[in-house]
Asks: 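Okay, here's the structure, questions in a sec.
Order of listing sets the numbers, starting from 1, for every ligand and every atom in it.
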Amino acid sequence: MSRIVYVNGEYVPEEEARISVFDRGFLMADGVYEVTSVLKGKLIDFAGHAKRLERSLNELDMAAPCTTDELLEIHRELVARNAVTEGLVYLQVTRGVADRDFAYPKDTTPTLVLFTQHKTVVESPAASTGIKVISIEDQRWGRRDIKTVQLLYPAMGKMMAKAAGCDDAWMVEEGAVTEGTSNNAYIIKNGRIITRQLSNDILHGITRAAVLKFAEEAQMVVEERPFTIAEAQGADEAFITSATTFVQPVVSIDGVEIGSGAPGPLALRLREIYVDQSRKQAI
Ligand code: PMP
């Protein structure tokens, strides 16, 4: 069944959606994006995603295509038109259309595209089995805090993981884990949750912020600092977070089982809290 997608002010069937070949998103990956999960037809942490979008746009001197209220309206309209009960809304803003030139063109109109995807997010099999990760060098650019559409290295990382019979990759820079290819990375040792501190080296995950807040409210201790693959392999538990995976246990790293080799109790508890709270706070 064809979806209704949103392109620059219009709701159109996906087959009729058009973007210019001169769009800088296409030519130069000059664009940013957000992914917001949908549960029971409602948006999870829309405010967090809208705020990070604004930050990404500001960092790149890119004009906002519309107000946050208008964005919320478009999200809701697409969820309704496509009858999404569980899944996601993908949003992309690019600098717009101009003759090819490295310098930012002046006064282009930003391109705004949104579409939905149906996806089982709560009862995903990986949540109960956990995932296996490999480690790879982090060879991305140095502004990973900006959520740009230049996702080729993360895509390569996922393929390397697949070739190794695993599910994902954790990226390592100067001996320490930065993050997963499309998620933030955590380990748990002696009840303490350890995850890399925020900087330009990682994406400031919206799920990360929510999960750390819930962890502290549940009296869990959070330590924001770098950790190595060796430390992770010796941890009691490991997990990842992202908007579409929520909290997902990691059961092995580079072939070494973490803890018992099964999803850990704290990671599963955090997932439960996150799903519960998200259901309550979804809009
Ligand atoms: N790090 C990277 C590199 C990502 O691509 C993502 C998801 N887009 C995340 C972390 C998690 O961010 P969020 O919780 O906002 O989905």
Asks: Would you call Val35 a ligand 1 contact, heavy-atom distance under 4.0 Å?
Replies: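 No, Val35 has no heavy atom closer than 4.0 Å to ligand 1.
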
Asks: Using a 4.0 Å heavy-atom cut-off, say whether Arg144 meets ligand 1 through its side chain, its backbone, both or neither.
Replies: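 The answer is neither.
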
Asks: Do Thr94 and Asp23 have a side chain donor and acceptor closer than 3.5 Å?
Replies: yes

Asks: Determine, using ring centers only, whether Phe115 and Tyr6 are less than 6.0 Å apart.
Replies: no

Asks: Side chain to side chain contact (heavy atoms under 4.5 Å, CB included) with Ser135: which residues, sequence neighbours excluded?
Replies: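 For Ser135, the residues satisfying side chain to side chain contact (heavy atoms under 4.5 Å, CB included) (neighbours in sequence not counted) are Val172, Ile229, Asp254.
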
Asks: Considering heavy atoms of the protein only, find what lies nearest to atom 12 (O) of ligand 1 and give residue, atom and distance to 0.1 Å.
Replies: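 Closest protein heavy atom to atom 12 (O) of ligand 1: Gly205 CA, 3.5 Å.
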
Asks: Heavy atoms only: which of Glu34, Lys147, Met171, His204 lies closest to atom 8 (N) of ligand 1?
Replies: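 Shortest heavy-atom distance from atom 8 (N) of ligand 1: Lys147.
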
Asks: Could you measure the distance from the NE2 atom of His75 to the NE2 atom of His49? Nearest 0.5 Å is fine.
Replies: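 His75 NE2 to His49 NE2: 8.5 Å, rounded to 0.5 Å.
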
Asks: How close does the nearest protein non-hydrogen atom get to atom 2 (C) of ligand 1, and which residue and atom is it?
Replies: Glu179 OE1, 3.4 Å

Asks: Please list, in number order, the atoms of ligand 1 under 4.0 Å from a heavy atom of Tyr33.
Replies: 5 (O), 8 (N)

Asks: Is it the case that the side chains of Lys147 and Ser56 hold a donor-acceptor pair, with the cut-off being a distance below 3.5 Å and no angle test?
Replies: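 There is no such pair (donor and acceptor under 3.5 Å, judged by atom type) between the side chains of Ser56 and Lys147.
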
Asks: Heavy-atom distances under 4.0 Å are what count here, so tell me which part of Thr181 touches ligand 1: side chain, backbone, both or neither.
Replies: backbone

Asks: At what distance, to the nearest 0.5 angstrom, does OH of Tyr274 lie from CG of Asp45?
Replies: 6.0 Å

Asks: Just let me know how Tyr153 lines up against ligand 1, side chain, backbone, both or neither, with a heavy-atom cut-off below 4.0 Å.
Replies: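 Contact part for Tyr153 vs ligand 1: neither.
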
Asks: Counting only heavy atoms closer than 4.0 Å, does ligand 1 sit against the backbone of Ile206, its side chain, both, or neither?
Replies: both

Asks: Between the side chains of Glu179 and Arg140, is the shortest nitrogen-to-carboxylate-oxygen separation below 4.0 Å, so that they form an ion pair?
Replies: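 Looking at Arg140 and Glu179, the cut-off is met.
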
